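We're numbering straight along the sequence, starting at 1. When reading the values below, keep in mind they use all heavy atoms of this one structure, side chains included, and skip hydrogens, waters and symmetry mates. These figures come from a predicted structure and were not determined experimentally.
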Amino acid sequence: MNQPDAPLFIKAMEEEMAAMEAMEAWEIIDQAEVPYTTEGVRRTIIESTWAFKVKSALDGSVKKRKVRLCVRGDQQVEGIDYFETYAPIVPWSTIRTVMTLAVNLGLKLRQLDYTNAFVQAELLE
């Protein structure tokens with residue numbers, strides 16, 4: 001990383017790693033200890049990569065440097081490494097309804113960005 005703001009991105013990477021470690025998002029094991037499925041197939045060791053993004057303020061200045069550690073899901077094998085996928089989303093019609101209600105009832109809306117929200121859920125395998 002040879003750009004002028006590299007130290008700021010490195011700081012963001014360290015914060016991301018600290019958050020993941022605090023949540024115990026993974027367990028480091030020896031490669032020989034990679035578990036097998038019930039069918040006797042060894043699970044895949046999946047590589048990761050970093051995703052970098054600069055968020056800008058309305059005036060064009062840098063608001064935040066975001067860094068996410070991403071798992072290379074393209075290396076997973078369905079039926080061995082995962083069995084189903086689920087991505088909760090909110091339909092636009094619901095967002096428009098909530099905004100309309102807020103305006104009509106004189107309510108204030110706030111946006112929340114929950115850091116590492118995806119790591120919070122307990123996964124049952």
Side-chain angles (χ1 to χ4, degrees):
M1 190 179 300
N2 295 327
Q3 52 196 42
D5 55 355
L8 298 171
F9 274 114
I10 291 170
K11 181 177 183 273
M13 290 168 69
E14 290 169 349
E15 291 170 0
E16 174 79 354
M17 291 294 289
M20 298 287 248
E21 288 172 358
M23 298 291 187
E24 298 179 354
W26 58 69
E27 177 183 350
I28 297 174
I29 62 172
D30 190 70
Q31 188 170 355
E33 297 175 17
V34 174
Y36 288 86
T37 64
T38 54
E39 292 81 24
V41 179
R42 181 169 276 197
R43 294 189 186 269
T44 309
I45 298 174
I46 302 169
E47 297 174 9
S48 60
T49 187
W50 288 100
F52 302 94
K53 183 176 183 179
V54 176
K55 293 191 86 172
S56 301
L58 293 175
D59 64 359
S61 63
V62 175
K63 181 179 179 181
K64 184 178 184 180
R65 285 166 181 82
K66 289 185 82 169
V67 178
R68 292 291 174 254
L69 182 62
C70 304
V71 174
R72 295 269 318 271
D74 61 308
Q75 297 177 340
Q76 293 179 308
V77 178
E78 185 177 6
I80 295 174
D81 300 310
Y82 71 93
F83 299 97
E84 62 184 49
T85 58
Y86 176 72
I89 60 165
V90 178
W92 279 107
S93 58
T94 303
I95 294 171
R96 286 191 295 270
T97 302
V98 169
M99 291 178 142
T100 302
L101 285 170
V103 169
N104 289 335
L105 298 174
L107 303 173
K108 293 181 180 179
L109 292 177
R110 293 186 180 180
Q111 179 182 344
L112 176 68
D113 185 13
Y114 193 77
T115 305
N116 299 102
F118 61 94
V119 187
Q120 303 293 324
E122 182 83 18
L123 295 178
L124 302 175
E125 295 186 54

Original post:
To the nearest 0.5 Å, how far apart are CG in L58 and NZ in K63?
Top reply: 7.5 Å

Subject >> Reported CD-to-CD distance for the pair E16 and E21, which is rounded to 0.5 angstrom >> reply: 10.5 Å

Original post:
Does Q76 use its side chain to pair, donor to acceptor, with the backbone of I46 at less than 3.5 Å?
Top reply: no

Original post:
Taking all non-hydrogen atoms of both residues, which atom of P91 and which atom of I89 are closest, and how far apart?
Top reply: CD-O, 3.8 Å

**OP:** Group every Ile, Leu, Val, Met, Phe, Trp and Tyr by side-chain heavy-atom contacts under 4.5 Å, then state whether L8 and M17 land in the same group.
**Re:** no

Subject >> Heavy-atom pair of closest approach, residues V67 and F52 >> reply: CG2-CD2, 3.8 Å

Subject >> Nonpolar side-chain network containing L107, other nodes, edges under 4.5 Å >> reply: L105

Original post:
Any link between V90 and L109 through a network of hydrophobic side chains (Ile, Leu, Val, Met, Phe, Trp, Tyr) touching at under 4.5 Å?
Top reply: yes

**OP:** Identify the residue among R65, K11, K64 that makes a salt bridge (charged side-chain N to carboxylate O under 4.0 Å, His left out) with D5.
**Re:** R65

Original post:
So, for R43 and V34, which heavy atoms are closest and what is the spacing to 0.1 Å?
Top reply: O-CG1, 3.3 Å

**OP:** Can you sort out the partners of D74 under side chain to side chain contact (heavy atoms under 4.5 Å, CB included), two or more places apart, ordered by chain and number?
**Re:** R72

**OP:** With rounding to the nearest 0.5 Å, note down the distance linking CE in M20 to CG in L69.
**Re:** 5.0 Å

